[in-house]
Amino acid sequence: QQPVQSPQAVILREGEDAVINCSSSKALYSVHWYRQKHGEAPVFLMILLKGGEQKGHEKISASFNEKKQQSSLYLTASQLSYSGTYFCGSNFNKFYFGSGTKLNVKP
Amino acid sequence: GAVVSQHPSRVICKSGTSVKIECRSLDFQATTMFWYRQFPKKSLMLMATSNEGSKATYEQGVEKDKFLINHASLTLSTLTVTSAHPEDSSFYICSARGGLGVGSHLYTFGSGTRLTVV
């Protein structure tokens with residue numbers, strides 16, 4: 001029931017772009033994205049409810065495919081503050097986090 | 001917005017003792033709360049679902065006699081780690097699904113509890 005994320009880790013230079021993928025073997029009711037800094041609670045980024053949905057702003061956005069089994073998080077022109085571990089999550093009456101993607105943005 | 005308060009933020013206990021962690025929804029009623037555990041460099045793993053006024057439901061592999069969950073009111077759930085051992089050292093975090101409408105899809109997380117068993 002835990003979604004699978006890829007890549008597991010990515011290193012970027014400031015200003016570079018990244019894509020984080022989240023996949024499930026079953027259709028998701030919704031997909032949530034969180035960012036967690038070391039030793040802190042995860043921080044909510046966004047939720048997508050509908051197949052085919054895209055949302056967010058220029059810098060951080062996400063998509064949810066039509067079958068609702070795959071979501072991607074897009075980080076554009078990354079900043080140092082984007083560093084952290086990103087989790088997607090699925091909601092089947094319970095909330096399961098994905099496997100996580102560690103993002104390290106370097107100067 | 002919805003706020004979930006979790007205490008304590010850090011606790012150190014001796015092996016064999018019990019530790020209680022509290023999770024409170026401050027401005028909304030949470031009939032269901034969730035407890036997670038996170039080991040270093042790992043994802044947050046769902047341990048159990050806490051239901052107000054009824055028994056908690058535990059995920060496979062989680063010992064219900066070791067991790068006691070009580071959800072006595074609509075705003076408070078507690079997790080007690082009984083007879084703690086060093087391998088129970090971890091980051092524990094609760095969440096609550098809140099509100100009506102769009103809010104019912106959102107999960108608000110507590111700030112987490114760093115448990116160290118020595």
Side-chain angles (χ1 to χ4, degrees), chain A residues 1-11 20-24 27-51 53 55 62 64 68 71 73 83-104, chain B residues 1-10 21 23 30-51 56-62 69 77 89-99 101-116:
Chain A
Q1 291 172 309
Q2 182 185 38
V4 177
Q5 289 180 231
S6 63
Q8 288 185 328
V10 60
I11 299 173
I20 299 171
N21 298 304
C22 174
S23 297
S24 171
L28 303 173
Y29 179 76
S30 62
V31 67
H32 307 223
W33 284 97
Y34 287 82
R35 176 171 59 214
Q36 184 183 33
K37 301 280 187 177
H38 180 68
E40 299 178 6
V43 173
F44 174 76
L45 295 177
M46 66 185 79
I47 177 176
L48 296 97
L49 297 171
K50 300 178 182 178
E53 183 177 3
K55 73 188 303 182
F64 198 14
K68 301 181 75 172
S71 177
L73 184 71
S83 293
T85 303
Y86 290 78
F87 294 99
C88 65
S90 66
N91 178 11
F92 293 109
N93 287 324
K94 305 177 187 180
F95 189 81
Y96 294 97
F97 283 94
S99 47
T101 297
K102 186 172 183 179
L103 178 69
N104 188 1
Chain B
V3 177
V4 172
S5 175
Q6 185 174 343
H7 292 281
S9 58
R10 289 181 178 272
I21 303 170
C23 180
T31 55
T32 304
M33 291 186 177
F34 305 89
W35 288 94
Y36 297 83
R37 178 171 53 184
Q38 185 179 34
F39 292 109
K41 300 184 179 180
K42 298 293 184 182
S43 183
L44 298 97
M45 301 305 295
L46 180 64
M47 298 174 66
T49 303
S50 170
N51 303 296
T57 54
Y58 291 80
E59 295 298 299
Q60 191 173 9
V62 178
I69 291 173
S77 175
S89 298
S90 187
F91 186 63
Y92 293 86
I93 191 165
C94 65
S95 78
R97 185 170 57 205
V102 176
S104 66
H105 296 287
L106 301 179
Y107 293 78
T108 302
F109 287 84
S111 54
T113 298
R114 175 75 57 191
L115 171 63
T116 303

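First the proteins, then the strands, lettered A, B, ... as listed; each starts at 1.
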Distance-only donor-acceptor pairs under 3.5 Å for side chains of residues 37-45 of chain B, two or more places apart:
unit_1, atom_1, unit_2, atom_2, d
B/Gln38, OE1, A/Gln36, NE2, 2.9
B/Gln38, NE2, A/Gln36, OE1, 2.9
B/Gln38, NE2, B/Lys42, O, 2.9
B/Ser43, OG, A/Gly98, O, 2.6

Return the minimal non-hydrogen interatomic distance between [X] and [Y], and the atom names on each side.
X: B/Gly110; Y: A/Ala41; result: O-CB, 3.2 Å
X: B/Phe91; Y: A/Glu40; result: CE2-O, 3.9 Å
X: A/His32; Y: B/Tyr107; result: CE1-CD1, 3.8 Å

Among all residues two or more places apart in sequence or in another chain, which pass the side chain to side chain donor-acceptor pair (under 3.5 Å) test with B/Ser50?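 With neighbours one apart ignored, the set is B/His71, B/Ser77.
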Top contributor to chain B interface from A/Gly89, A/Gly100, A/Ser99 [non-hydrogen pairs under 4.5 Å]: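 Sorted descending by pairs with chain B, the first entry is A/Ser99.
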Run the ring-ring contact (aromatic ring centres under 6.0 Å, His included) test on B/Phe109 and A/Phe87 for me, step by step, so that the C-alpha distance in whole Å, both residues' side-chain angles and the decisive distance to 0.1 Å come before the verdict. CA-CA 14 Å; B/Phe109 287 84; A/Phe87 294 99; 10.0 Å; no
Do B/Tyr36 and A/Tyr34 have their ring centres less than 6.0 Å from each other? no
